[in-house]
Structures are given as C-alpha cells and as structure tokens.
Amino acid sequence: MAHKIASVIQRRDEMIERKIRYDSLTVDHHCFLLTADEDEVVLFHEVDEAFTMNTPETELTISKGCYTIAYYWRHRPYNLYMWRNKQGQYLGAYFNIVKNTTIQDKLVTFEDLIIDILVLPDGGRFILDEDELPVPLSVFENGSVQQALIDLLDSMDELLAQTILQSGHFYKHEDLLSMMSEG
C-alpha cells in the first residue's frame, strides 16, 4: 500500500479527511497532503473559520488564517491536530480518540469515539466531551476508549514533544504559508 499511495498522490495534492461521528454523521475537510506511507499520513489544513475550544478552566480560540498539521495513524487509537498561527507560533494540540483509521488514495477516514484531549502550549491538558458519552467511560466501547485514553495520557508528553520537533523540522512554516496563498 505504501508504494501505491506514494505513486498516486504527491505532496501538496488535495486530500479529504472524513470523520465519521459516533452518531454516524460524516464530516469532510479538504486538506493538502504533506507526507504519507502505509501506516501514517500528515495533512495540512488552513483554518477558514475561527473556532473556540472551551474547558471548565479556560478556552482556546483558533483564528481564521491559522493552520492545522494533522497526523493520522492506521494502528493507533487516536489522531493529532497541531495548530499554528500565521507567525508559526504553536497554539495547542488536540487528540481525538478514534478507531478504524483508513488511509486510501486521496482519502483518510476515521471513526470518532467522542473523547478528545486538548493540550495547551503551557502543557495544560483537558479531557473533553466525556459528558457526551451514551454510557460511562469505563464501559463505553467495551472499555477500549478508556484504555486508549490512559495509554495516550501516559505517553503524551514524549509523543507531543517529538511530534512538535519533527513538524518544525519537516514542515517549514514558510512552506506552509506558501501553501495557504496557493490554496
């Protein structure tokens, strides 16, 4: 599959991110490919509309003109969005607990399992949307979501530090800005 993906799509090709919500509704986002192989894809998306993430203690607003670098892994129970502003400043990160991530030509699909984690630049972490679960977290999806959350929280600091460092090295801010002006 890695060879097929590499031969069919090229960096900066358009791709669709398709999120299948837990209620079965689908949400598509048009993105640009940064890198792909058979187990991982990294996409770029310019923020077209400002949005605010609220927690009981704080809020994070991502303004229009910021951008997302999104990581999807076929064999991990989560994906990761990292936000930067037009100056390249890291604004925060967002992990979705997911299942059934598929990477196909020009399409990344995943099933969203409701629970998310917002991480602020100062390291503050907030588990989101537990109140939206149809049953308690301990039994939701036979406990797999709770286990994925525990495992992610245990490895999050190292994973996020490594991903932030790699994204700054591989995806230069100036190159991403040029993609915004092209799109």
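Taking CE of M53 as the start and CD1 of I62 as the end, the distance is 8.5 Å to the nearest 0.5 Å. Between the NZ atom of K86 and the NZ atom of K64 there is a distance of 8.5 Å, given to the nearest 0.5 Å. Atom CD of residue E111 and atom CG of residue N100 lie 4.0 Å apart, to the nearest 0.5 angstrom.
When the side chains of ILVMFWY residues are joined at heavy-atom separations under 4.5 Å, either directly or via intervening members, I16 and Y72 end up in two distinct hydrophobic clusters. Criterion: ILVMFWY side-chain heavy atoms under 4.5 Å apart, direct or through other members. Under it, L107 and I20 are not part of a common hydrophobic cluster. By the criterion of side-chain heavy atoms lying less than 4.5 angstrom apart, applied directly or through intervening Ile, Leu, Val, Met, Phe, Trp or Tyr residues, I97 is not grouped with I150; the two fall into different hydrophobic clusters. There is no path of hydrophobic side-chain contacts, each under 4.5 Å, that joins Y22 to V27.
With hydrogens and angles left out, the side-chain atoms of T68 and Y94 include no donor and acceptor closer than 3.5 Å.
Counting only heavy atoms from C-beta outward, the side chains of S144 and K99 never approach each other to under 4.5 Å. With contacts defined as side-chain heavy-atom distances shorter than 4.5 Å, the pair I69/F170 does not qualify. Side-chain contact between E17 and Y81 is present, with at least one heavy-atom pair separated by less than 4.5 Å. K19 places a side-chain heavy atom less than 4.5 Å from the side chain of F110. Y78 places none of its side-chain heavy atoms less than 4.5 Å from the side chain of I117. Here the side chains of L176 and L34 are in contact, with some heavy-atom distance below 4.5 Å. Here the side chains of C66 and W83 are not in contact, with every heavy-atom distance at 4.5 Å or above. Counting heavy atoms from C-beta on, the side chains of I127 and L153 come closer than 4.5 Å.
Legend: side chain to side chain donor-acceptor pair (under 3.5 Å) pairs involving residues 118-138, not counting sequence neighbours, sorted by first then second residue: R125-D157.
Under the 4.0 Å criterion applied to side-chain N and carboxylate O atoms, D112 and R21 are not assigned as salt-bridge partners.
Of all the heavy atoms in T101 and R74, the pair that sits closest is O-CG, 3.8 Å.
Results of the side chain to side chain contact (heavy atoms under 4.5 Å, CB included) test with F126 over L60, V119, T58 single out T58 as the only residue that passes. Test L159, I115, N79, D116 against F95 for side chain to side chain contact (heavy atoms under 4.5 Å, CB included) and you get one pass: L159.
In this structure Y71 satisfies the ring-ring contact (aromatic ring centres under 6.0 Å, His included) test together with W73, sequence neighbours excluded.
Y67 and F44 have tilted rings, their planes meeting at an angle from 30° to 60° on a 0 to 90° scale.
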